[in-house]
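Presented below is the structure to which this report refers.
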Amino acid sequence: PKRSVSYEECRTTADWLLKHTQVRPTVGIVCGSGLSALADMLKDPQVFKYCDIPNFPNSTVRGHAGKLVFGTLKGKPCVCMQGRFHLYEGHPIQKITLPMRVFKLMGVKTMIMTNAAGGLNQDYKVGDFMIIKDHINMPGFAGVNPLCGPNDDRFGVRFPCMSDAYDRELQQLAHDVAAELGFSNFLRDGVYSVIGGPSFETIAECRMLHRLGADAVGMSTVHEVIVARHAGMRCFAMSLISNRAVMDYDSREKANHDEVLETGQLRAKQMEVLVSTMVARIDDDENED
Ligand SMILES: Nc1nc2ncn(CCNC(CO)CO)c2c(=O)[nH]1
């Protein structure tokens with residue numbers, strides 16, 4: 001398949017969407033595995049199936065609906081991805097991150113991403129929310145980076161800084177809102193490490209990632225954040241700890257997707273309330289890059 005996505009393709013997709021909806025979103029939300037209920041929060045929803053949107057790939061993963069939902073959250077115009085794309089589905093990486101550039105061209109200023117992840121930090125419990133304060137991009141070390149290839153200055157610079165990838169004001173906002181909602185006892189801050197998948201990590205890989213400073217492990221989000229930051233959007237990301245990664249050889253636990261989706265069901269309501277309250281408070285003009 002074609003490896004790179006052109007500016008014109010992103011422009012075509014954005015123009016197609018701008019023509020088919022009156023909503024002009026300033027906040028983009030990506031729903032992770034089992035968290036698609038977040039999209040049901042939007043008022044006056046307008047739904048597009050990924051397969052109907054020019055240049056959009058299709059979702060192939062159970063728990064990822066494959067719908068783009070426009071609407072408002074407490075009066076704020078939003079666009080929400082019910083289902084995201086992953087390297088392990090075989091999509092070229094620039095197809096995975098195409099929605100970020102489309103949202104940028106539509107005027108989105110802030111991205112809120114959620115995912116389900118395995119807990120490496122032994123203090124974490126299944127059902128905890130982990131605010132992502134930084135990431136470790138394992139595929140990136142092997143040259144799997146959505147910005148590889150010619151840089152398009154219309155989106156951003158050739159060598160974008162990633163030390164400020166996760167917006168600190170939005171992390172503080174998440175803590176403030178969680179405290180008001182009484183969620184602080186299951187709210188964490190941590191480093192998210194991404195692997196390619198689809199196979200879950202081995203015990204040795206979990207121990208290595210934990211030793212390298214990672215608190216959780218997943219198969220998404222980092223690629224979207226890199227492209228969103230490159231384009232100057234503010235990013236907030238949070239993991240639902242859907243299971244504890246297997247860290248020792250005498251454990252009988254086995255990571256499985258069903259468990260990931262079940263945990264999503266359990267905590268989806270709280271994630272919905274936290275994200276929607278945050279979105280209502282986001283000040284769009286703050287810290288524009
Ligand atoms: N140990 C472990 N637990 C996890 N829970 C969710 N994910 C993120 C990957 N999610 C996949 C499979 O559920 C679907 O995208 C993981 C993971 O990668 N590793």
Side-chain angles (χ1 to χ4, degrees), residues 29-39 50 57-67 81-91 93 95-97 99 113-132 135-142 144 146 186 188 190-225 237-268 271:
I29 300 168
V30 181
C31 302
S33 296
L35 296 169
S36 52
L38 274 170
Y50 290 168
N58 285 342
S59 265
T60 65
V61 181
R62 198 160 42 89
H64 287 255
K67 291 181 198 149
M81 287 181 74
Q82 262 193 328
R84 59 143 62 84
F85 309 116
H86 310 79
L87 280 179
Y88 62 72
E89 295 175 80
H91 299 303
I93 193 163
K95 274 284 187 187
I96 290 168
T97 56
M113 318 233 218
T114 64
N115 65 42
L120 296 168
N121 183 315
Q122 296 305 290
D123 297 338
Y124 287 9
K125 295 183 187 59
V126 169
D128 281 356
F129 291 172
M130 184 190 84
I131 296 172
I132 297 178
H135 70 231
I136 295 176
N137 180 9
M138 296 306 285
F141 293 163
V144 178
F186 57 84
R188 314 279 181 167
V191 173
Y192 175 86
S193 56
V194 65
I195 56 171
S199 50
F200 284 108
E201 57 300 314
T202 65
I203 293 170
E205 286 163 346
C206 286
R207 294 163 75 98
M208 179 199 88
L209 290 169
H210 189 227
R211 198 180 290 274
L212 291 175
D215 296 291
V217 56
M219 301 179 188
S220 73
T221 308
V222 165
H223 319 303
E224 293 115 308
V225 168
M238 186 159 65
S239 293
L240 168 65
I241 302 301
S242 53
N243 52 13
R244 291 164 56 89
V246 180
M247 302 285 270
D248 43 70
Y249 288 96
D250 54 16
S251 160
R252 290 283 167 268
E253 281 180 69
K254 285 179 172 304
N256 66 82
H257 191 56
D258 291 332
E259 184 183 44
V260 172
L261 298 182
E262 278 150 35
T263 315
Q265 246 89 52
L266 270 175
R267 283 291 195 201
M271 180 77 84

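First listed ligand is number 1; within each ligand, the first listed atom is number 1. Nothing here was measured: the structure is a model prediction, and the numbers come from that model. Counting begins at 1 with the first residue of the sequence.
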- May I have all residue pairs that pass salt bridge (Lys or Arg N to Asp or Glu O under 4.0 Å) and include part of residues 122-132, sequence neighbours excluded?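 Of all non-adjacent pairs touching residues 122-132, those that pass salt bridge (Lys or Arg N to Asp or Glu O under 4.0 Å) are D128-R188.
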- Item | Minimum heavy-atom distance L87-V144, with the two atoms named |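 Minimum heavy-atom separation between L87 and V144: CD1-CG1, 3.9 Å.
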- Query: What residues form a ring-ring contact (aromatic ring centres under 6.0 Å, His included) with Y50, not counting sequence neighbours?
  - Reply: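 Y50 satisfies ring-ring contact (aromatic ring centres under 6.0 Å, His included) with F56, F85 once adjacent residues are dropped.
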- Best match, S242, G218, A116: closest heavy atom to atom 5 (N) of ligand 1: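 It is S242 that holds the nearest heavy atom.
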- Tell me which one of F85, F200, Y192 gets a heavy atom nearest to atom 16 (C) of ligand 1.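 Residue with the shortest heavy-atom distance to the ligand atom: F200.
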- Query: With atoms numbered from 1 as shown, which atoms in ligand 1 lie under 4.0 angstrom from a non-hydrogen atom of V217?
  - Reply: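 Matching atoms, with element in brackets: 16 (C), 17 (C), 18 (O), 19 (N).
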- Task: Pull out every atom of ligand 1 sitting under 4.0 Å from any heavy atom of A117, numbered as shown with elements.
- Result: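 Those qualifying, in numeric order: 4 (C), 5 (N), 6 (C), 7 (N).
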- Message: Taking the basic N atoms (NZ, or NE/NH1/NH2) and the acidic carboxylate oxygens, is any pair closer than 4.0 Å for E253 and R244?
- Response: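 Looking at E253 and R244, the cut-off is not met.
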